[in-house]
Amino acid sequence: MVIILLSYVSGILLSNSEVKVTYFIIALLGCSLFILHKRNVKIEIIFCLILLFFGMIYPQLVLNHTESYIADKTKTNDIMTVVKVSDDDLIVKLDKKKYIIFNSFEYLPGDELKVIGSFSSFKSSKNPYVFKLDRYYIRKGISSSIYVEEIKKTGVSKNIYLNILRFSYKTRKKILDLFKEKFQDDVLGLVQGMFIGHTKELSDNTIKGFQKAGLTHIMAVSGANVAFILLPFRFMIFRVTKRKKTRIILLCFPTIFYLFLSGFGASIVRATIMVLIIFFIDFQNRQKETIKILSLSALIMLLISPFYIFDAGFLLSYAATTGIVLLDQKIERIKHIEKWPKILRKTFAISLSAQIVVAPVIILLFNKVSIVSLFANIVFVPFTEIITILSLICLLPVITHLITPILDMVIRVFLSGVKLTACIPFSQINFPDIPIITVIIYYLLVTEIIFSYSKSRRFINFLIAAMCISLLRINFRSQLEIDFLSANNGDSILISSKDVTMLIDGGDNRSRFGEYGLIPLLLKKGVTYIDMAVVTHSHADHMDGIIDVLDEIKVGNLFIPDIKDKINYDPVICKAQIKGTNVYYLAVNDIIQLDDDTMIEVFNPSTQEIYENTNNESIVMILDHLGYSVLFMGDAEYEVESKIYEMLPGVDILKAGHHGSNTSSSEEFLKKIRPKISVLSVGYNNYGHPSKKVIERLLKYGKVYNTKIDGFLEFIIKDDIIYLDKYIN
């Protein structure tokens with residue numbers, strides 16, 4: 001079963017060859033098929049090859065069916081059926097395609113709606129390594145969103161599945177409302193999240209606390225919840241009938257209904273399928289083989305949707321469960337651990353076995369790992385059983401008034417403990433991207449240590465040495481690298497020269513660019529320490545992302561404009577001081593030495609002036625690297641240009657001022673600096689940026705690149721040549 005699953009996964013990954021692990025999986029499959037061939041197991045080989053090819057074709061068929069050929073902003077005036085409600089969002093169906101309507105919470109699955117509005121395509125990041133919104137929704141079978149002008153219910157579908165979904169959603173809503181009457185704030189959010197998978201009420205700070213403590217799995221519904229929820233039903237059913245097969249059939253109904261109730265998250269789907277398979281095996285009086293059950297459940301999920309393979313919940317759920325199945329009892333039998341009390345021994349073994357397998361997956365997905373996770377899981381996971389069972393009892397009207405205050409107290413103690421754990425210094429550390437070969441060696445090492453297949457200490461030493469060598473990232477970089485990020489309507493530029501990194505601006509928080517765009521990109525590029533960060537001026541589209549970076553990545557020095565009134569910089573200065581970052585102020589004639597070959601000279605602002613226009617207090621600076629020059633204008637406008645252009649030399653690369661606005665890049669200014677390459681940092685906006693006249697002026701002197709069109713731009717200056725690499729989603 002494992003090899004069959006491996007065949008199908010290989011096919012899916014081959015259809016999406018950008019996934020790094022693809023070739024390793026294919027190699028593993030090849031070895032497995034060779035072993036089967038040697039054993040003369042021809043039926044399994046044929047079945048594996050069929051699934052391999054099916055895995056290569058099926059995802060493309062799903063994508064072709066999902067992708068919408070409706071042009072952006074095309075009007076609609078159609079009857080659509082609600083097929084799913086996700087939090088406050090509706091997923092509707094029209095002509096066999098699904099679309100999403102955001103923030104429309106008053107409707108239920110099965111409702112037929114008259115929708116007047118327009119289709120809107122998903123705007124996705126044009127930076128590498130980061131979350132892609134359009135890909136996320138397409139993989140969920142959603143073609144595009146709909147901007148609604150008017151919506152009206154016209155009837156209810158008679159589809160049986162939708163009516164079951166409708167009933168389960170009504171029940172879900174009643175449960176959520178009951179909890180809202182009894183609890184508040186994060187207590188409410190945790191009860192709803194653990195019991196029914198609704199985490200919307202949890203605050204961002206609490207979610208971050210769970211992440212730092214390595215306890216995010218507690219906030220979601222998982223296999224443990226299924227077991228706890230089934231306990232009262234099992235008790236009642238076992239009292240009603242003694243027939244084994246009748247008991248199994250009756251237990252299937254609450255199991256499936258709870259799946260509907262909890263919203264079909266990857267971990268709960270996995271748990272439900274596994275439970276149903278176990279029920280089926282019991283029904284047939286067959287012997288249970290956990291790894292085969294796990295593999296079969298994964299295969300079923302991937303047949304339902306091949307894109308589960310890219311779902312973090314799916315990967316983490318199966319990694320953790322595999323670790324528990326393979327290592328749990330091995331760890332319990334370790335010489336010193338087997339003497340521990342049973343509850344402590346079991347909790348420790350389960351937590352450690354899951355952590356061992358999950359750790360590389362977490363690093364590959366998020367470039368972060370919690371170093372207190374093992375301790376936190378041992379202490380806090382036992383609470384989940386208590387909270388889930390008390391939450392269920394709390395819904396019973398007879399004793400709810402007795403249970404509610406007890407549950408509230410338990411959760412408050414629980415949350416306080418999690419927050420305290422998350423506050424431990426270095427509770428979460430950032431990791432650069434690790435090579436796939438390192439992950440492979442790591443799993444080989446774990447397998448050898450736990451199972452002792454070769455029984456050779458030398459082989460273990462060899463694997464440890466190989467893993468250390470694979471982690472070495474010897475940097476002989478002599479070139480200068482300048483990355484212009486596609487920061488929506490903001491600016492964000494990363495400069496890397498030898499071992500020094502400088503970040504100029506960080507975009508804004510309206511689209512949470514810092515958290516979901518900038519920080520993941522920095523970590524994927526191996527930037528876990530920033531030597532210098534520059535806030536060119538105090539507008540949100542430049543400063544907000546730097547505040548996010550200070551929260552997550554160690555920054556050595558922060559530079560802001562040296563102007564008379566610095567009150568607008570208080571948020572970033574306060575954050576820097578809390579994080580232990582040095583704060584410096586830059587003004588005209590200041591010089592920063594990046595390394596032996598790279599120097600930065602500042603041309604604006606002036607400490608003598610009072611700037612009425614915030615754009616004109618921007619730090620303007622020229623970077624010089626072995627005779628090549630790059631001019632960064634921030635959002636400086638004509639007023640600044642007219643004062644400094646006489647002092648400026650000709651430049652090779654210009655980061656044009658104010659996103660290509662017609663208030664910057666004057667004819668006189670450009671005539672003096674004559675940029676060979678110009679970069680406009682701009683996104684979709686209502687301001688008319690960039691100005692066509694500005695683009696025409698820039699084109700007189702050289703090439704013009706636009707982050708809205710060209711996406712992420714990477715300039716490398718090496719061997720007297722400027723290389724350019726572009727990334728577009």
Side-chain angles (χ1 to χ4, degrees), residues 66 68 76-120 122 136-137 140-183 188-189 191-202 220-221 225-226 229 252-269 272 304-305 313 391-392 394-395 397:
T66 301
S68 177
T76 180
N77 186 0
D78 298 289
I79 302 289
M80 304 182 187
T81 305
V82 179
V83 293
K84 189 178 179 183
V85 179
S86 178
D87 290 329
D88 292 342
D89 305 327
L90 303 179
I91 298 172
V92 297
K93 199 169 186 179
L94 174 67
D95 298 331
K96 296 183 180 180
K97 291 192 183 293
K98 294 178 185 176
Y99 305 91
I100 190 165
I101 299 173
F102 294 107
N103 301 316
S104 188
F105 54 85
E106 65 265 38
Y107 299 103
L108 298 171
D111 283 344
E112 292 179 342
L113 308 175
K114 175 83 168 179
V115 179
I116 300 172
S118 54
F119 294 99
S120 178
F122 298 113
Y136 170 80
Y137 279 115
K140 284 188 170 291
I142 299 169
S143 301
S144 65
S145 62
I146 299 175
Y147 175 78
V148 174
E149 295 168 14
E150 187 181 333
I151 188 167
K152 183 181 177 183
K153 182 177 173 181
T154 60
V156 178
S157 171
K158 294 180 180 179
N159 183 286
I160 295 172
Y161 170 77
L162 289 179
N163 277 286
I164 295 171
L165 204 60
R166 184 183 185 85
F167 174 72
S168 65
Y169 186 79
K170 281 182 178 179
T171 309
R172 174 187 173 91
K173 196 170 184 305
K174 282 180 182 177
I175 293 171
L176 293 176
D177 289 340
L178 280 170
F179 284 140
K180 280 183 182 178
E181 291 173 7
K182 303 172 191 301
F183 306 104
L188 171 64
V191 171
Q192 291 180 338
M194 289 178 63
F195 188 77
I196 213 165
H198 181 87
T199 56
K200 196 174 181 183
E201 308 294 337
L202 281 169
V221 178
N225 298 72
V226 177
I229 294 297
C252 287
F253 290 102
T255 306
I256 295 168
F257 186 69
Y258 186 59
L259 173 64
F260 277 80
L261 207 61
S262 54
F264 292 92
S267 58
I268 188 67
V269 173
T272 304
I304 293 168
S305 171
S391 299
L392 183 60
C394 194
L395 296 174

Participant: Determine whether Asp78 and Thr76 satisfy the following criterion, side chain to side chain donor-acceptor pair (under 3.5 Å), listing intermediate values before the conclusion.
Facilitator: CA-CA 6 Å; Asp78 298 289; Thr76 180; 2.6 Å; yes
Participant: When rounded to the nearest 0.5 angstrom, what is the spacing between CG in Leu188 and CZ in Phe183?
Facilitator: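 One gets 8.5 Å once the value is rounded to the nearest 0.5 Å.
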Participant: Would Ser391 and Phe179 satisfy side chain to side chain contact (heavy atoms under 4.5 Å, CB included), going step by step from the backbone distance to the final call?
Facilitator: CA-CA 9 Å; Ser391 299; Phe179 284 140; 4.2 Å; yes
Participant: Considering the options Leu162, Ile164, Asn163, which one meets the side chain to side chain contact (heavy atoms under 4.5 Å, CB included) requirement together with Ile160?
Facilitator: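 Between Ile160 and the candidates, side chain to side chain contact (heavy atoms under 4.5 Å, CB included) is satisfied uniquely by Ile164.
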Participant: For Lys182, is the NZ atom crowded, meaning more than 12 foreign heavy atoms sit under 6.0 Å from it?
Facilitator: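 Atom NZ in Lys182 is packed in, count exceeds 12.
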Participant: Show every donor-acceptor pair shorter than 3.5 Å between a side-chain atom in residues 192-200 and any protein atom, with sequence neighbours excluded, or say none if there are none.
Facilitator:
| residue | atom | partner | partner atom | Å |
| --- | --- | --- | --- | --- |
| Gln192 | NE2 | Leu176 | O | 3.3 |
| His198 | ND1 | Asp87 | OD1 | 3.3 |
| Lys200 | NZ | Asp88 | OD2 | 2.4 |

Participant: Under 4.5 Å between any side-chain heavy atoms of Ile151 and Lys114, yes or no?
Facilitator: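 The answer is no, as the side chains (C-beta and beyond) never meet within the 4.5 Å cut-off.
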Participant: Quick one: closest heavy-atom pair of Ser144 and Ser120, and the distance?
Facilitator: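 Taking Ser144 first and Ser120 second, the nearest heavy atoms are CB-O, 3.5 Å.
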Participant: Within a strict 4.5 Å, meaning less than it, do heavy atoms of the Lys174 and Asp177 side chains meet?
Facilitator: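 Heavy-atom side-chain distance check fails, nothing below 4.5 Å.
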Participant: Identify the two heavy atoms, one from Leu113 and one from Thr154, that lie closest to each other, and give their separation to 0.1 Å.
Facilitator: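 Between these two residues, the closest heavy atoms are N-OG1, 4.2 Å.
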Participant: What pair of heavy atoms forms the shortest contact from Ser157 to Thr81, and how long is it?
Facilitator: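 Heavy-atom minimum between the residues: CB-CG2, 4.1 Å.
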Participant: Hey, are the side chains of Leu259 and Ile268 touching, using non-hydrogen atoms and a 4.5 Å cut-off?
Facilitator: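 Yes; the side chains approach each other to less than 4.5 Å.
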Participant: For a quick test of reading the model, state the closest non-hydrogen atom pair linking Glu112 to Ile79 and the distance between them.
Facilitator: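 For Glu112 and Ile79, the tightest heavy-atom pair comes out as CB-CG2, 4.3 Å.
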Participant: Do the side chains of Lys84 and Asp89 get close enough for a salt bridge, i.e. N-O under 4.0 angstrom?
Facilitator: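 Salt bridge between Lys84 and Asp89, a charged N being under 4.0 Å from a carboxylate O: no.
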Participant: Quick check for you: to the nearest 0.5 Å, what is the distance between Leu90 atom CG and Ile100 atom CD1?
Facilitator: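 Separation between the atoms: 8.5 Å.
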Participant: Hey, could you give me the CD1/SG distance between Ile175 and Cys394, rounded to the nearest 0.5 Å?
Facilitator: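 Nearest 0.5 Å value for the CD1-SG distance: 11.5 Å.
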Participant: Evaluate whether atom OH of Tyr107 has more than 12 neighbouring non-hydrogen atoms of other residues, nucleotides or ligands under 6.0 angstrom away.
Facilitator: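 Counting other residues, nucleotides and ligands, OH of Tyr107 exceeds 12 neighbours.
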Participant: Checking side chain to side chain contact (heavy atoms under 4.5 Å, CB included) for the pair Val92/Lys98: CA distance, chi angles, key distance, verdict?
Facilitator: CA-CA 6 Å; Val92 297; Lys98 294 178 185 176; over 6 Å; no
Participant: Are Ile101 and Val115 side-chain neighbours, meaning at least one heavy-atom pair lies under 4.5 Å?
Facilitator: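 A side-chain contact under 4.5 Å exists here.
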Participant: State, with a plain yes or no, whether a side-chain heavy atom of Phe260 is found less than 4.5 Å away from one of Ile256.
Facilitator: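 A side-chain contact exists here, since the closest heavy-atom pair is under 4.5 Å.
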Participant: Please test Ile91 against Val85 for side chain to side chain contact (heavy atoms under 4.5 Å, CB included), starting from the C-alpha separation and ending with a verdict.
Facilitator: CA-CA 6 Å; Ile91 298 172; Val85 179; over 6 Å; no
Participant: Sequence neighbours left out, what passes side-chain contact (heavy atoms from CB on, under 4.5 Å) with Phe257? Give chain and number order.
Facilitator: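 Partners of Phe257 under the side-chain contact (heavy atoms from CB on, under 4.5 Å) test: Phe167, Ser168, Thr171, Leu261.
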Participant: Considering all heavy atoms of both residues, which atom of Tyr99 and which atom of Ser143 are nearest to each other, and what is their separation?
Facilitator: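 Between these two residues, the closest heavy atoms are CE2-CB, 3.7 Å.
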Participant: Between Arg166 and Pro109, is there a donor-acceptor pair closer than 3.5 Å when you use the side chain of the first and the backbone of the second?
Facilitator: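 Pair found, side chain donor or acceptor close to backbone of Pro109.
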Participant: With a sphere of 6.0 Å drawn around CZ of Phe102, does it hold more than 12 non-hydrogen atoms of other residues, nucleotides or ligands?
Facilitator: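 Check passes, neighbour count above 12.
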Participant: Are any non-hydrogen side-chain atoms of Asp111 and Val156 less than 4.5 angstrom apart?
Facilitator: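 Answer yes - side chains close enough.
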Participant: List the atom of Phe122, the atom of Ser145, and the distance in Å for their closest heavy-atom pair.
Facilitator: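 Closest pair (atom of Phe122, atom of Ser145, distance): CZ-N, 3.6 Å.
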